[in-house]
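Written below as structure tokens is the structure these notes are about.
All ligand and atom numbering here is 1-based and tracks the order in the structure. If you're wondering where the values come from, they're calculated on a predicted model, not measured in any experiment.
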Amino acid sequence: MHEALEPIFQRVLDRNPGETEFHQAVREVLESIGPAVDRHPEYADAKIVERICEPERQIIFRVPWEDDEGNIHINRGFRVEFNSALGPYKGGLRFHPSVLLGTVKFLGFEQVFKNALTGLPIGGAKGGSDFDPRGRSDREVMRFCQSFMLELYRHLGEHTDVPAGDMGVGARELGYLFGQYKRITNRYESGVLTGKGLLYGGAQVRREATGYGSAFFMEEMLRVRGDSLEGKDVVVSGSGNVAIYTIEKVHQLGGRVVACSDSTGFVHDPRGIDLDLLKDVKEVRRERISAYAEKIAGATFVSGRSIWEVPCQVALPSATQNELDVAGATALVRNGCIAVGEGANMPTTPDAVRVLQEAGVAFGPGKAANAGGVAASALEMQQNASRDSWTFEHSEARLREIMVNIHARCYETAEEYGAPGNYVTGANIAGYARVAEAMLGLGLI
Ligand code: NDP
């Protein structure tokens with residue numbers, strides 16, 4: 001790490017004790033922006049890095065709700081509004097039992113750079129709750145969402161803060177959240193949430209966008225190496241929103257996804273994952289991934305082992321943070337993997353990233369590779385503002401163009417700063433420079 005950044009990082013550690021994921025996310029950025037610090041002494045004078053590491057606002061609130069048997073539950077809600085230099089706060093909500101303040105801060109910090117990389121006018125935020133929607137009835141999920149919004153609404157607005165989905169928050173949850181916001185405020189303010197259903201202000205391709213974007217980014221990484229997804233065996237971890245639509249696009253681009261997972265284990269289907277069956281199991285029936293293997297001959301369900309042991313040329317971790325460790329990265333390299341793209345946020349541990357990069361594996365960090373979701377959200381905001389709705393084809397073409405541009409921005413910035421092929425350096429410096437320039441122009445706020 002650049003010596004000027006070390007005391008700043010130490011202060012982040014001291015002031016945010018125990019928030020290890022937040023520390024990890026900050027370290028990753030500070031370790032790669034050293035060359036930009038040398039080139040722009042004016043940023044140091046304005047204390048830009050110190051300000052970027054401190055959220056503008058952090059909201060924590062109680063969320064009481066009642067289950068179907070009349071039992072009362074208390075969860076904790078969060079919204080961390082990290083940086084609004086480039087536009088209204090923008091970033092998803094995560095409902096998962098593992099959510100702590102440090103989780104939301106890591107995600108919000110990453111979001112600032114990711115949103116800057118898209119080139120669109122959006123700031124960075126993240127939120128969520130330690131509520132676990134799995135196994136809950138629709139009515140329970142609705143009651144939770146209504147209680148969550150009863151507090152959160154006062155902090156939102158189409159020009160202020162615009163949440164979207166993330167783990168555990170899909171179209172169902174966003175519908176309930178939007179319904180409650182509309183009821184409380186008496187305003188049909190479509191642009192206040194993105195990822196909505198198509199009948200109430202949602203946009204084509206938002207559901208598919210993160211996965212499709214991740215596949216487009218991988219296609220670009222392979223293209224500059226004179227290669228493509230055509231004929232490649234691919235492993236995609238997870239089987240949620242990002243994973244399912246990554247698989248769909250990889251198949252359309254000629255690759256074959258041979259394994260996917262959930263938190264109970266993974267399925268290996270050497271002839272290629274049957275996407276209709278996977279959607280039925282995970283999106284319609286909300287079953288565990290083992291149900292896929294029970295319904296199709298030739299597929300096996302494996303638990304207690306790592307999905308990264310399945311041989312592949314391309315790997316797309318799309319489940320959760322720190323799911324691809326050194327052992328996983330070593331197995332990928334041993335089996336001839338040539339490219340890894342992060343569909344999830346920070347799924348690869350720092351040591352595993354080093355293993356992959358040292359072995360010459362092309363590595364696309366989540367900030368760049370999974371930015372398709374938030375980019376499509378910004379397009380949804382654009383359509384809401386003009387009361388317009390674009391076709392699927394037009395929306396997908398815009399998404400692809402944005403991903404190609406993000407790839408080019410990372411690739412060219414890495415070259416410009418003396419780290420050719422290093423997308424981590426490229427993404428972090430390109431995102432940082434855009435936010436820093438805007439913060440400088442806005443004065444000390
Ligand atoms: P979902 O809740 O739809 O799916 C998450 C998937 O990951 C599920 O299959 C889940 O399995 C699995 N999973 C969770 N924890 C583990 C674990 N410890 N080991 C293996 N599998 C696990 O979430 P999304 O698909 O929306 O999000 C996935 C990742 O992508 C997250 O990191 C998110 O932040 C990131 N992301 C999402 C965006 C979006 O638009 N949705 C945008 C950009 C990034 P189970 O059901 O068993 O829990």
Q.
Using the side-chain contact (heavy atoms from CB on, under 4.5 Å) criterion, which residues pair with R154? Sequence neighbours excluded.
A. E151
(Q) Among residues at least two apart in sequence or on other chains, which ones pass side-chain contact (heavy atoms from CB on, under 4.5 Å) with R62? (A) P64, I74
Between [options], which one has a non-hydrogen atom sitting closest to [atom]?
{"atom": "atom 6 (C) of ligand 1", "options": "C260, A344, P317, G240", "result": "G240"}
{"atom": "atom 44 (C) of ligand 1", "options": "N345, I244, T320, I307", "result": "N345"}
{"atom": "atom 40 (O) of ligand 1", "options": "T246, D262, I289, T210", "result": "T210"}
{"atom": "atom 23 (O) of ligand 1", "options": "E323, E110, M167", "result": "M167"}
{"atom": "atom 5 (C) of ligand 1", "options": "G343, S263, A319", "result": "A319"}

Sub-4.0 Å heavy-atom approach of [X] to ligand 1:
{"X": "G168", "answer": "yes"}
{"X": "R94", "answer": "yes"}
{"X": "Q321", "answer": "no"}
{"X": "R206", "answer": "yes"}

Q. What residue among F95, Y153, W65, F131 forms ring pair (Phe, Tyr, Trp, His ring centres under 6.0 Å) with F148?
A. F95
Starting from [atom], locate the nearest protein heavy atom and write down its residue, its atom name and how far away it is, to 0.1 Å.
{"atom": "atom 37 (C) of ligand 1", "answer": "V242 CG2, 3.4 Å"}
{"atom": "atom 3 (O) of ligand 1", "answer": "N241 N, 2.9 Å"}
{"atom": "atom 34 (O) of ligand 1", "answer": "D166 OD1, 2.6 Å"}
{"atom": "atom 46 (O) of ligand 1", "answer": "R288 NH1, 3.8 Å"}

Q: For ligand 1, note which part of R134 has a heavy atom under 4.0 Å away: side chain, backbone, both or neither.
A: side chain
Q | Residue portion contacting ligand 1 (non-hydrogen atoms closer than 4.0 Å) for S318 | A | backbone
Treating [X] as the side-chain partner and [Y] as the backbone partner, does any N or O pair qualify as donor plus acceptor under 3.5 Å?
{"X": "R206", "Y": "G373", "value": "yes"}
{"X": "K196", "Y": "S190", "value": "yes"}
{"X": "S147", "Y": "F144", "value": "no"}

Q) Which atoms of ligand 1 sit under 4.0 Å from any heavy atom of S239? A) 9 (O)
Q) Would one find more than 12 heavy atoms of other residues, nucleotides or ligands at under 6.0 Å from atom CZ of R51? A) yes
Q.
Can you confirm whether N384 sits close enough to E158 that some side-chain heavy atom of one is under 4.5 Å from a side-chain heavy atom of the other?
A. no
**Q.** Note, V302 side chain near V310 side chain (heavy atom, < 4.5 Å)
**A.** no
Q: Please work out whether the ring planes of Y411 and Y423 are parallel, tilted or perpendicular, with thresholds of 30° and 60°.
A: tilted
